[in-house]
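Encoded as structure tokens, the structure appears first; notes follow it.
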Amino acid sequence: MQCQHMQLDKTMTSGNALQGKVALVTGASSGIGRATALALGEAGADVAINYFTYPEWAEELASKIRTLGRRALLFPVDVANQNAVDEMVAQTVRELGGLDIFVANAFYSDEAPFHSADMTGFRRTIDVTMWGALYGVRAAANQMIRQGRGGNIIVVSSPHAIEAMPSSMAYNMAKAAVDQMARTAAVELLRHRIRVNIIHPGWTDTPGERKYFSEEVLQRTAKTLPWGRLARPEEIARAILFLVDPASDFITGSTLTIDGGIQLPWWSKRGSGEF
């Protein structure tokens, strides 16, 4: 399944719940970020699209959002560069008039046993996944505080924050830190009426997975998962849309897991008749 050909599930949005809002999504040219940016546009928001790979897909995404009658900006920015992230947020505000929703989705991951890992890739994983998320959350929060009208921050984290997945130490470390960062931000931003929530997607069908697995291995392994398939990016985007909806105003500091039951203990499958 190629991300650029995915169609947004029309049931994902409800009217124009985000009409007049401005959103910035990092890592938005493919996968979960792309589906999220498109969903936000469908719901009425103008969208700033950050990307560092798949530039042609980012251009296509911006075109789709503009076709909806929304404004779209493109930012080919490395989120590990704090100054560049600060300027990206500032330019979003200058051109779109503010910032109401920030989705920290960009990530990078190299896989190898920690004792033999290339430290360049190890550090890059942490720089993008942890520091990149912090730089974005910090810049977005400061802008929302200046505006004085609240806001929504979503941090796309991972079950790696909890599970010690082998050959993924850098990513595990980064995501664990990101979860604690988001919860701390949620506490500190309460008085500013800025909501901060975390998403834990399960194994999702994205182009990034093909860095490690062939198509055949992905599809075969997917059938062994509790729900019998990988998540679709649109399903994760649906959850993000739910959290940023004004009707979800009472939700902050929460972690929403969308993983088809992967986090359940193995014996939970007894009820299905398999054991």
Side-chain angles (χ1 to χ4, degrees), residues 23-37 40 47-55 57-58 61 73-93 99 101-111 117-144 151-161 165 168-186 188-189 194 196-201 204 206-209 211 233 236-237 240 255:
L24 169 58
V25 183
T26 65
S29 60
S30 68
I32 292 169
R34 176 186 172 88
T36 298
L40 292 167
V47 186
I49 300 162
N50 162 260
Y51 65 98
F52 202 59
T53 56
Y54 308 115
W57 296 2
L61 173 61
L73 299 180
L74 286 166
F75 290 105
V77 167
D78 181 358
V79 297
N81 182 331
Q82 184 176 8
N83 290 335
V85 170
D86 288 345
E87 177 54 30
M88 176 173 65
V89 170
Q91 187 175 338
T92 297
V93 173
L99 183 62
I101 299 164
F102 176 71
V103 181
N105 170 74
F107 81 99
Y108 178 89
S109 178
D110 277 348
E111 292 191 358
D118 181 319
M119 291 307 294
T120 299
F122 198 98
R123 291 188 181 95
R124 178 65 178 166
T125 297
I126 294 173
D127 285 345
V128 173
T129 306
M130 185 189 80
W131 287 113
L134 174 62
Y135 297 153
V137 169
R138 186 176 190 272
N142 278 320
Q143 175 59 33
M144 292 172 185
N152 273 283
I153 295 173
I154 301 293
V155 174
V156 180
S157 184
S158 169
H160 281 251
M165 304 290 186
S168 297
M169 180 183 282
Y171 193 65
N172 297 345
M173 290 165 56
K175 287 302 188 182
V178 160
D179 274 22
Q180 193 71 323
M181 174 204 71
R183 284 189 289 267
T184 306
E188 294 186 5
L189 295 174
I194 299 169
V196 183
N197 289 291
I198 303 166
I199 293 285
H200 275 194
T204 306
T206 67
E209 290 299 334
K211 176 180 177 180
I236 313 305
I240 293 171
T255 301

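If you read the sequence from its start, that first residue is 1, and numbering goes on from there. Below, all heavy atoms of this structure are taken into account, side chains as well, without hydrogens, waters or symmetry copies.
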**Request:** Could you tell me which non-hydrogen atom of Met181 sits nearest to which non-hydrogen atom of Leu134, and how far apart they are?
**Result:** SD-CA, 3.5 Å

**Prompt:** Looking only at heavy atoms, which two atoms of Gly33 and Val25 are closest? And how far apart?
**Reply:** O-CG1, 3.7 Å

**Item:** For Tyr108 against Tyr171, the heavy-atom pair lying closest together
**Value:** O-CD1, 3.9 Å

**Request:** Would you mind reporting whether Val156 and Val103 have side-chain heavy atoms less than 4.5 Å apart?
**Result:** yes

**Request:** Report the distance from atom CZ of Arg34 to atom OH of Tyr54, rounding to the nearest 0.5 Å.
**Result:** 12.0 Å

**Separation of Ile153 CD1 from Leu24 CG (nearest 0.5 Å)** = 10.5 Å

**Request:** May I ask you to test the Val79-Tyr135 pair for a side-chain heavy-atom distance under 4.5 Å?
**Result:** no

**Any Ser29 side-chain heavy atom under 4.5 Å of Thr53 side chain** = yes

**Asked** For Ala58 and Leu74, which heavy atoms make the closest approach, and how far apart are they?
**Response** O-CD2, 3.5 Å

**Asked** Where do Ala139 and Val89 come nearest, in terms of heavy atoms and distance?
**Response** CB-CG2, 3.7 Å

**Prompt:** Within a strict 4.5 Å, meaning less than it, do heavy atoms of the Phe75 and Thr92 side chains meet?
**Reply:** yes

**Request:** Mind checking the CD1-CZ spacing from Ile154 to Phe102? Nearest 0.5 Å is all I need.
**Result:** 11.0 Å

**Message:** In the structure I gave you, are the side-chain heavy atoms of Phe52 and Pro76 within less than 4.5 Å of one another anywhere?
**Reply:** no

**Met173 CE to Phe122 CZ distance, which is reported to the nearest 0.5 Å** = 5.0 Å

**Minimal non-hydrogen separation, Val137 against Ala104, with atom names** = CG2-CB, 4.4 Å

**Message:** Let me confirm one number: the CG-OG distance from Asp179 to Ser158, rounded to the nearest 0.5 Å.
**Reply:** 8.5 Å

**Message:** Please determine whether side chain to side chain contact (heavy atoms under 4.5 Å, CB included) holds for the pair Thr36 and Asn105, giving the CA-CA distance in whole Å, both sets of side-chain angles, and the decisive distance to 0.1 Å.
**Reply:** CA-CA 9 Å; Thr36 298; Asn105 170 74; over 6 Å; no

**Prompt:** Should Leu189 and Met144 count as side-chain neighbours, where that means a heavy-atom distance under 4.5 Å?
**Reply:** no

**Request:** Determine yes or no for a side-chain-to-main-chain donor-acceptor pair under 3.5 angstrom, with Thr255 supplying the side chain and Ile198 the backbone.
**Result:** no

**Prompt:** Above 12 or not: heavy atoms from other molecules or residues under 6.0 Å from CZ of Arg138?
**Reply:** no

**Item:** Thr125 OG1 to Asp118 CG distance, which is reported to the nearest 0.5 Å
**Value:** 10.0 Å

**Request:** Give a yes or no answer on whether the side chain of Ser157 reaches the backbone of His200 with a donor-acceptor pair at less than 3.5 Å.
**Result:** no

**Item:** NZ/NE/NH1/NH2 to OD/OE distance under 4.0 Å, Arg124 and Asp78
**Value:** yes

**Thr26 side chain to Ala106 backbone, donor-acceptor under 3.5 Å** = yes

**Asked** So, the side chain of Asn50 versus the backbone of Gly27: is there a donor-acceptor pair under 3.5 Å, distance only?
**Response** yes

